[in-house]
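Both counts, for ligands and for their atoms, begin at 1 and track the order of listing. These numbers come from a predicted model, not from an experiment. Residues: numbered from 1 along the sequence shown.
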Amino acid sequence: MTSPLPQNRFLAIGECMAELSPTAQDGEYRLGFAGDAFNTSWYLARLSPDTDVSFLTAIGDDSLSRQMMDLFAQSGIKENYVQHLENQTIGMYMISLQNGERSFHYWRGQSAAKKLADDPQKLATAFSENDVIYFSGITLAILPDKSRQGFLAALKTAKEAGKTIVFDPNLRPRLWETADAMTSAIMQGAAVSTIVLPSFEDEAEWFHDENPMATLNRYKALGIPTVIVKNGPDPVLFEHNGHSGEYPVAPITEVTDTTAAGDSFNAGFLARFGSGDIEWAIKGGAELAARVVQSRGALVAKATEMD
Ligand code: ADP
């Protein structure tokens with residue numbers, strides 16, 4: 001006898017990296033872990049204790065990979081879809097601060113996460129066992145061409161089976177060989193999704209959209225039922241099952257660090273999406289993101305404790 005699957009099983013797919021961030025002590029760095037789809041999972045697990053949150057990735061068998069799994073366990077993120085690969089390790093980035101300006105240095109070329117979609121059977125099983133599947137343009141960017149095509153095909157099958165497929169385009173030109181390769185893969189990712197969550201500033205630069213409505217229309221033309229265009233402090237533009245509108249974002253007097261603004265917005269939005277009230281869901285995203293940008297770092301625990 002098979003037991004019924006619990007409702008509301010959320011699966012994110014992507015790369016979580018080790019993060020070295022500067023402390024107040026000159027020359028000292030703190031070890032943490034972050035990554036776009038992971039950040040969204042982390043916030044969602046805190047906001048929705050009843051949601052079963054899992055993260056599909058590939059890691060190594062070294063102590064750094066194990067420390068990352070400790071964070072998963074502490075954060076309530078299930079690791080049953082994490083592949084442990086021999087003699088591999090995870091990607092890393094370091095944040096350096098110079099005259100108050102942050103810059104990022106990456107070591108992710110050899111990251112085990114590039115292999116996360118190598119086994120089509122594992123993907124198919126993971127997708128069939130979950131209700132909501134979340135990925136981003138960075139998930140697509142780190143995959144070799146062949147596994148990216150397999151990954152998109154598996155998502156298409158999951159969409160046809162009625163799963164909710166959520167995509168944040170998160171454009172990162174540095175991870176792609178050419179801008180055309182990036183924009184073409186992003187549109188393929190959107191085409192297999194049911195919810196697309198772009199940020200206007202990036203889309204304007206790489207797709208030459210003149211305004212947020214152009215971004216909305218470009219994704220809507222693919223037949224996607226829900227498109228939410230984030231735009232920093234400006235109103236969020238939305239289209240949901242044929243109903244469209246704008247949602248104003250409450251102003252903030254002091255922005256401290258915009259890291260994970262979009263990732264946390266997505267979690268706040270998804271935590272309320274099941275209600276069917278799209279404006280209430282957007283409000284949830286905007287309120288969480290507002291708290292996150294008023295603190296330093298990607299994972300801001302206190303931002304989820306104020307409701
Ligand atoms: P990304 O991090 O993907 O570039 P955005 O900059 O578009 O994302 O921001 C995502 C969300 O974060 C916005 O829709 C908004 O709710 C919130 N946000 C970001 N910057 C600000 C700001 N300066 N003031 C108020 N809210 C902000």
Trainee: Linking I/L/V/M/F/W/Y whenever their side-chain heavy atoms sit closer than 4.5 Å, directly or via other members, would I195 and V132 fall into one cluster?
Mentor: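 The answer is yes; both residues are in one hydrophobic cluster.
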Trainee: Under a strict 4.0 Å criterion on non-hydrogen atoms, which protein residues are in contact with ligand 1?
Mentor: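 Within the 4.0 Å shell of ligand 1, which is judged on heavy atoms, sit S199, K230, N231, G232, P233, V236, V249, A250, I252, V255, A261, G262, F265, A286, A289.
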Trainee: Can you spot which of E239, E203, E210 makes a salt bridge (charged side-chain N to carboxylate O under 4.0 Å, His left out) with R218?
Mentor: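 Exactly one pass, corresponding to E203.
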Trainee: A side-chain contact here means heavy atoms from C-beta on lying under 4.5 Å apart; do I77 and F38 qualify?
Mentor: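 Answer yes - side chains close enough.
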Trainee: Would you kindly check if the NZ (Lys) or CZ (Arg) of R172 is within the cone defined by 45 degrees around the ring axis of W176 and under 6.0 Å from the six-membered ring centre?
Mentor: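 No, R172 and W176 do not form such a contact.
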Trainee: Does a side chain donor of either T259 or R102 reach within less than 3.5 Å of an acceptor in the other side chain?
Mentor: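 Side-chain D/A pair, T259 to R102: present.
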Trainee: Got D209 and F200 here, is their nearest side-chain heavy-atom distance under 4.5 Å?
Mentor: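 Yes, at least one pair of side-chain atoms sits under 4.5 Å.
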